[in-house]
There are 2 protein chains.
Amino acid sequence: MRRKRIYMDHNATTPLHPEVKKVMEKTMSVFGNPSSLHAFGRSARRLVEEARKNVASFIGAEADEIIFTGSGSEANNTVLSILTCSSRECSLKRGNRSDVITSQIEHPCILETSKCLEERGVNVHFLAADCLGKVNIEELKGTISEKTGIVSIMMANNEIGTIQGIREIADIAHHYGALCHTDAVQAVGKIPVDVNELKVDFLTLSGHKIYGPKGIGALYVRKGTPFCPLIRGGHQEMGRRAGTENTLGIVGLGKAVQMRAKEMGKEEKRLRKFKEFLKKEIEEKIPDVRFNGHPSESLASTLNVSFDGAEGETILLYLDLKGIAVSTGSACASGSLDPSHVLLATGMPAERAHGSIRISLGRENSMEEIEYTAEVLPQVIKKIRQMSTAYAKEK
Amino acid sequence: MRRKRIYMDHNATTPLHPEVKKVMEKTMSVFGNPSSLHAFGRSARRLVEEARKNVASFIGAEADEIIFTGSGSEANNTVLSILTCSSRECSLKRGNRSDVITSQIEHPCILETSKCLEERGVNVHFLAADCLGKVNIEELKGTISEKTGIVSIMMANNEIGTIQGIREIADIAHHYGALCHTDAVQAVGKIPVDVNELKVDFLTLSGHKIYGPKGIGALYVRKGTPFCPLIRGGHQEMGRRAGTENTLGIVGLGKAVQMRAKEMGKEEKRLRKFKEFLKKEIEEKIPDVRFNGHPSESLASTLNVSFDGAEGETILLYLDLKGIAVSTGSACASGSLDPSHVLLATGMPAERAHGSIRISLGRENSMEEIEYTAEVLPQVIKKIRQMSTAYAKEK
């Protein structure tokens, strides 16, 4: 095994950027409660508001349109919970707009919350995706109505990397007077994201997917959009999310987007080359493989591939023994024996979905690591297939 | 002004314990997603589970009874949101137990969530408190019924420090088949807290009140207690709180409780002496003062005092100019012009409540700082009273 382990699971989470780490180490001594009026509080407040400006400007928003949350999941839950808002003044409620349209390939936090809304009587429609992971726009047009409150479609898929046409979806939503949310956790920091170009009303992002800390996310809420807090209490985040501000996490997120703004363009080009190289190597060296997701409209760093006659989790464990970390899909679904809901939604048979792994590259990966992976993966697949009686028999 | 600022607002938040800081600095390089199956994920998982054991053992719980949350506010919101659970299997729902009993002196996150539940048709009763801040137990006995789902009373008040008899409250709740929750954010780490002695079903604690990081809290949920997640999605925290685990925050919290276990007993004795000294000095040097909260059943470190003819926020700002940080009450209510809801609930007239400050001591405070404060405070009050025409006229 190589001495240094290779991390290729950046869609699950990323290491802290050295600059983020540096600023967080410094911030550890700033401890005042940002809501306190004294000097200790004011110092912390300044850092929080500076980070808010950074996050806002990175996605073309205004600072007061950014709410810091404890995670992307919390931000996504918050958006959907607006549908159950108890306030009589809520314009969604007044307009009797309680329907939700989302897709079958969303992150579990959107899917589970949507199912919970259904139990509470909300009408939820889950759009299908095509074999490349593109959400069915015609189905959206046929389903949306004057009763639709929120259309929530993720910008880039966490498992297969397919990028949706969010602007078109937002235009359709707005044509019917509905609000548009995009879970952009996997998109922000990898492809250009501008809330005014996308025309979304809500957008979710997360710190730990972009070399920032875990435990911090942000929700963009366009000015004037109906809103209802998920976590109530203090007046923090302008009354939209209670709880003492996580200064350290917020500062880390602020630095992370700054670094992404600097590095993203060049970096994504480099990763695209790595991905294409790896794809070519796999195609040449391993028979019976299929690449999942859209060939061009997808994240530069995400490669999802299915191997006949090999189980994803087994591949993962064998690669781990060789010092290479990949995943079988969402870390949020790890340990589940079900095949990926995303791959199933693209029409893939369960058996093939079971044989899939996700390689997601990042800023510390080197060409040497890619070459090592291209060398090891064929050996691992060969070994696993030899153990698979079903695959051996077929051949 | 002194060269080093004096921090006496520990009920708002605390600085990181040096040992917590050290372990967090070390943990910054452990970045794997604790839900990932590979080596990076497993390293993070180990740290998370070790911290969970620490937190559990500190309050006499089992590790799998601890759910990590993004804050104490989130934990409190989670408990109350169980009342609106949509699951048909929920035993609270099956038993038609939807009423809530709480008190008028709770933290805003309990009060606001309770008010939100009221808007959704839940029957909420807010118990009164006496002039020392003790919740009215007779009123609880007269109000509780077979329809009560949850009784939620905070263990130690954040503004006046009064400690409630949670065990008695839990016994009453259980006698009627209701669940008992205590917001112990201000109690944990300051007084002994054992969930089995208290017999509570839910207990909330927070990292940043006990020299741990902000952005991390925990909810104790007794085994077998009905539960419904507030944040849905991934299977994290055994399906009870979705979102990638905040490894850094969790590790920090785990270390913070360990340090509290070591230092708490001795430390609280020291702070009790400081508080009594300060109280005596204030009594002797400043006329027209009243101390708020219970004289004995209260936190050793919390001193809440009202000064006739001086406005709390003005006192805070003048002390800040002298390098001393105190507060007028909850940081979560800072910036609000309303007098403290806690002081009003104890029957204090609004004018006197307006003239109150909270001094909350902590582990870095020295006797020299206490003496300096005892010297400066009378000067500040005198100056403010001289500017107050109403106070001057009265005298």
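Side-chain atoms are counted along with the backbone in the values below, which use heavy atoms only and exclude waters and symmetry mates. What you see is a predicted model, and the numbers here were worked out from it, not measured in a lab. The chains referred to below are lettered A, B, ... by the order of the sequence lines, with proteins before strands, and numbering in each begins at 1.
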Can you say whether [X] sits under 4.5 Å from chain B via the side chain, the backbone, both, or neither, judging by heavy atoms?
X      : result
A/L316 : side chain
A/N246 : both
A/L230 : both
A/P15  : both
A/V30  : neither
A/F40  : side chain
A/S81  : neither

Could you report the tightest heavy-atom contact between [X] and [Y], atom names first, then the distance?
X      : Y      : result
B/T13  : A/F31  : CG2-O, 3.1 Å
B/S73  : A/G243 : OG-CA, 3.6 Å
B/S36  : A/A12  : OG-CB, 4.0 Å
B/K21  : A/S29  : NZ-CB, 4.4 Å
B/G234 : A/P108 : N-CB, 4.1 Å
A/M28  : B/L16  : O-CD1, 3.7 Å

About how many Å separate [atom2] of [Y] and [atom1] of [X], when rounded to the nearest 0.5 Å?
X      : Y      : atom1 : atom2 : answer
A/R232 : B/N76  : CZ    : CG    : 14.5 Å
A/Q236 : B/S71  : CD    : OG    : 8.5 Å
B/I216 : A/L248 : CD1   : CG    : 12.0 Å
B/T113 : A/I231 : OG1   : CD1   : 9.0 Å

Next item on the list: Heavy atoms only, distances under 4.5 angstrom: which of B/K115, B/R241, B/E25 has the most pairs with chain A? Name it, please.
Entry: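 So the answer, after comparing B/K115, B/R241, B/E25, is B/E25.
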
Go through the atoms of [X] and report whether side chain, backbone, both or neither lie under 4.5 Å from a heavy atom of chain A.
X      : result
B/L111 : neither
B/V326 : backbone
B/T14  : backbone

Notebook entry, point to check: Hey, does the side chain of B/K214 reach the backbone of A/G249 with a donor-acceptor pair shorter than 3.5 angstrom?
Noted result: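 Side chain of B/K214 to backbone of A/G249: no pair is present.
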
Note to self: Has B/D320 got a side-chain atom pairing as donor or acceptor with A/H38's backbone, closer than 3.5 angstrom?
What the structure shows: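 Checked: no pair found.
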
